[in-house]
Engineer: 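Once you've had a glance at the structure underneath, I'll fire off some questions.
Owing to the predicted nature of the structure, the values given are computational and were not obtained by experimental measurement.
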Amino acid sequence: MVPARDEAAILPETLPALLVQDYPGPLRVVLVDDGSSDGTAAVAQALGRAHPTPALRVVRGTPPPLGWAGKVWAMSQGVAAAGESGYLLFTDADIAMAPTAVTDLVRAALADDRALVSQMALLRAWSDWERWVVPAFVYFFAQLYPFWRVARPGGRTAAAAGGCMLVHAATLASAGGLDRIRGARIDDIALARLLKRGPVRARCWLGFTTQVRSVRPYPRLADLWDMVARSAYTQLRHSPLLLAGTVVGLVWLYLLAPVAAVTGLAWWVTGEGGRLVGLFGWAGILAWVLMTVSYVPVLRLYRLSVCRAPALPVIAALYAAMTVDSARRHRAGRGGEWKGRVAHTINGAGDSAGDFVVPSRRFWDALRRR
């Protein structure tokens, strides 16, 4: 299932990888053209003719009904078009998969009886800003949703990566289907919570991979900023209290250690502080070192120099600013803006955590004019 909105430029890089999968069984690809204006459907159909096996079906999506998030509605139309049981692999238009990726996903699901198997795509890290910001994004995500806790049966932690989510169709139907998360702006987390915490209590798994790659470019800081700010405040349930706690937490966990190290040792060296100040500085150094070491595996995953690891506190400060800006955008009526579509939710169709989002004034003004 590939929801695609204005992806004509990127599909030639990614869709053929799905159409040449080495899969020992029936496989179909359904691409839902989610209101594109750039000829996405025509490009997809041309690629399908060039790779006739497996069969590609292009669905012309309809506008989302009231209360539905755009991507979840596109996913729902893809499920309806599939019309069969088995496994459903939800992916994104910017995701390129290795030839055996689908086979490996299904084998992993069968071997361990998992209803949801998700892999975090290797994001593009080519430009200077991508190399600094992208690995930290992955690192913070893994800190927020520890993968080992996601895999633990009966645990509360539920998460998935939207670019690669293999779901058993029967289990999804038993949980109520995508209608249960119709208003979710963060569809991957919402789907994982539905399956793991819902009535079916399904087993889930989330991990890293190098077989699934995102080719979407974020060459400028502004592009990366938009990527984070688009959904950060939604992830915080649009709560000012959670926003304040997140910012304080980032400062406490990632900025306090280097500040303590630099100021404490400076005072100790100059003789302006006593023994306690020196211990304060050394404690800051120890915390900074531990933080740096914990970041190294992600840098290695992206084949980047470990010399970047000590700069993690600076990047954390950048992410704190992005999170605050995400709240500002929401207050301005631009929450979740993506390719010309602004996310609005009405009462009764809340996000993944079950909260109800109050529509912005711009939304109600547009509705009255209509």
Side-chain angles (χ1 to χ4, degrees), residues 1-63 70-111 116-119 121-122 124 161-173 177-178 187-188 191 209-217 339:
M1 307 295 172
V2 187
R5 180 176 174 84
D6 292 335
E7 301 285 12
I10 210 167
L11 282 178
E13 296 185 60
T14 59
L15 188 56
L18 280 176
L19 299 176
V20 297
Q21 284 292 307
D22 181 13
Y23 186 75
L27 174 66
R28 289 196 298 149
V29 179
V30 178
L31 183 139
V32 181
D33 180 14
D34 184 18
S36 301
S37 58
D38 66 345
T40 290
V43 170
Q45 288 168 343
L47 293 169
R49 287 191 294 269
H51 303 85
T53 305
L56 170 67
R57 180 176 179 183
V58 178
V59 177
R60 299 277 186 170
T62 59
K71 183 180 178 183
V72 180
W73 174 241
M75 293 164 61
S76 178
Q77 293 176 90
V79 172
E84 59 185 359
S85 60
Y87 282 99
L88 305 173
L89 175 59
F90 295 103
T91 184
D92 291 334
D94 65 306
I95 298 298
M97 295 194 175
T100 61
V102 176
T103 299
D104 293 341
L105 285 166
V106 175
R107 283 177 175 166
L110 291 172
L116 169 64
V117 175
S118 179
Q119 291 185 321
L122 198 67
R124 204 186 89 144
C164 177
M165 300 186 295
L166 183 79
V167 181
H168 198 281
T171 305
L172 178 60
L178 294 176
D187 57 280
D188 44 13
L191 180 59
T209 183
T210 57
Q211 287 193 307
V212 181
R213 298 181 298 105
S214 171
V215 301
R216 189 178 304 282
K339 294 189 176 181

Engineer: Could you work out, with side chain to side chain contact (heavy atoms under 4.5 Å, CB included) as the rule, every residue matching Pro99, not counting sequence neighbours?
Structural biologist: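 Once residues adjacent in sequence are excluded, Pro99 has no partner under the side chain to side chain contact (heavy atoms under 4.5 Å, CB included) criterion.
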Engineer: Considering residues at least two apart in sequence or located in another chain, which fulfil the side-chain hydrogen bond (donor to acceptor under 3.5 Å, both in side chains) criterion with Thr100?
Structural biologist: Asp104, Gln211
Engineer: Not counting sequence neighbours, which residues clear side chain to side chain contact (heavy atoms under 4.5 Å, CB included) with Thr171? List them please.
Structural biologist: Ala115, His168, Leu195, Val200, Ala202
Engineer: With sequence neighbours left out, what residues match Asp38 under side-chain hydrogen bond (donor to acceptor under 3.5 Å, both in side chains)?
Structural biologist: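 In terms of side-chain hydrogen bond (donor to acceptor under 3.5 Å, both in side chains), with neighbours along the sequence ignored, Asp38 is linked to Thr40.
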Engineer: Please examine the side chains of Leu31 and Val59, heavy atoms only from C-beta on, and report whether any two atoms are closer than 4.5 Å.
Structural biologist: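 In short, these two side chains do not touch, never coming nearer than 4.5 Å.
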Engineer: Suppose we screen for side-chain hydrogen bond (donor to acceptor under 3.5 Å, both in side chains). Which residues come up paired with Gln21, at least two apart in sequence or across chains?
Structural biologist: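 By the side-chain hydrogen bond (donor to acceptor under 3.5 Å, both in side chains) rule, Gln21 matches no residue at all.
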Engineer: Using the side chain to side chain contact (heavy atoms under 4.5 Å, CB included) criterion, which residues pair with Thr91? Sequence neighbours excluded.
Structural biologist: Val2, Leu18, Ile95, Met97
Engineer: Tell me, please, which residues at least two apart from Arg213 pass side-chain hydrogen bond (donor to acceptor under 3.5 Å, both in side chains).
Structural biologist: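 Residues passing side-chain hydrogen bond (donor to acceptor under 3.5 Å, both in side chains) with Arg213: none at all.
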Engineer: Would you say that Leu191 contacts Asp187 through its side chain, given a criterion of any heavy-atom pair below 4.5 Å between the two side chains?
Structural biologist: no
Engineer: Can you pull out every salt bridge (charged side-chain N to carboxylate O under 4.0 Å, His left out) where at least one residue sits in residues 40-63? Sequence neighbours excluded, please.
Structural biologist: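 Salt bridge (charged side-chain N to carboxylate O under 4.0 Å, His left out) check on residues 40-63 returns Asp33-Arg60.
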Engineer: Does the side chain of Ser118 reach to within under 4.5 Å of the side chain of Asp188, using non-hydrogen atoms?
Structural biologist: no
Engineer: Taking atom types as modelled, find out whether Thr62 and Gln77 have a side-chain donor-acceptor pair closer than 3.5 angstrom.
Structural biologist: yes
Engineer: OG/Ser214 to CZ/Arg124 distance, rounded to the nearest 0.5 angstrom?
Structural biologist: 9.0 Å
Engineer: List the residues meeting salt bridge (charged side-chain N to carboxylate O under 4.0 Å, His left out) with Asp92, not counting sequence neighbours, and say none if there are none.
Structural biologist: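 Asp92: salt bridge (charged side-chain N to carboxylate O under 4.0 Å, His left out) contacts with Lys71.
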Engineer: How close do Thr14 and Ala93 get, heavy atom to heavy atom, and via which atoms?
Structural biologist: OG1-O, 2.6 Å
Engineer: What's the spacing between Leu122 CG and Thr209 OG1 if we round to 0.5 Å?
Structural biologist: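 Here the rounded value is 8.0 Å.
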Engineer: How long is the straight-line distance from SG of Cys164 back to CG of Leu89, given to the nearest 0.5 Å?
Structural biologist: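 Separation between the atoms: 5.5 Å.
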Engineer: Got a second to check how far Leu15's CG is from Leu19's CG, nearest 0.5 Å?
Structural biologist: 4.5 Å
Engineer: Using 4.0 Å as the upper bound for N to carboxylate O, is an ion pair formed by Arg216 and Glu7?
Structural biologist: yes
Engineer: Could you give the distance from CG (Leu47) to CG (Leu56), rounded to the nearest 0.5 Å?
Structural biologist: 8.0 Å
Engineer: Shortest non-hydrogen contact from Val32 to Ala74?
Structural biologist: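 Closest pair (atom of Val32, atom of Ala74, distance): CG2-O, 3.5 Å.
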Engineer: Does any non-hydrogen side-chain atom of Leu172 lie less than 4.5 Å from one of Leu88?
Structural biologist: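 When only atoms from C-beta onward are counted, Leu172 and Leu88 do touch, with a gap below 4.5 Å.
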Engineer: Check whether any side-chain heavy atom of Tyr87 lies under 4.5 Å from a side-chain heavy atom of Val117, and answer yes or no.
Structural biologist: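 No, too far: nothing below the 4.5 Å cut-off.
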Engineer: Measure the shortest side-chain to side-chain distance between Arg28 and Pro54 over non-hydrogen atoms and say whether it is less than 4.5 angstrom.
Structural biologist: no
Engineer: Grab the two heavy atoms, one from Val58 and one from Ala41, that are nearest each other, plus how far apart they are.
Structural biologist: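 Val58 and Ala41 have their closest heavy atoms at CG1-CB, 4.0 Å.
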Engineer: Please name the pair of heavy atoms, one in Thr103 and one in Pro24, separated by the smallest distance, quoted to 0.1 Å.
Structural biologist: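 Smallest interatomic distance, heavy atoms only, reads OG1-CD, 3.4 Å.
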Engineer: When you compare the side chain of His51 with that of Val20, does any pair of heavy atoms fall below 4.5 Å?
Structural biologist: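 Val20 vs His51: side chains touch.
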Engineer: Identify the two heavy atoms, one from Leu116 and one from Met165, that lie closest to each other, and give their separation to 0.1 Å.
Structural biologist: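 Where Leu116 meets Met165 most closely, the heavy atoms are CD1-CB, 4.1 Å.
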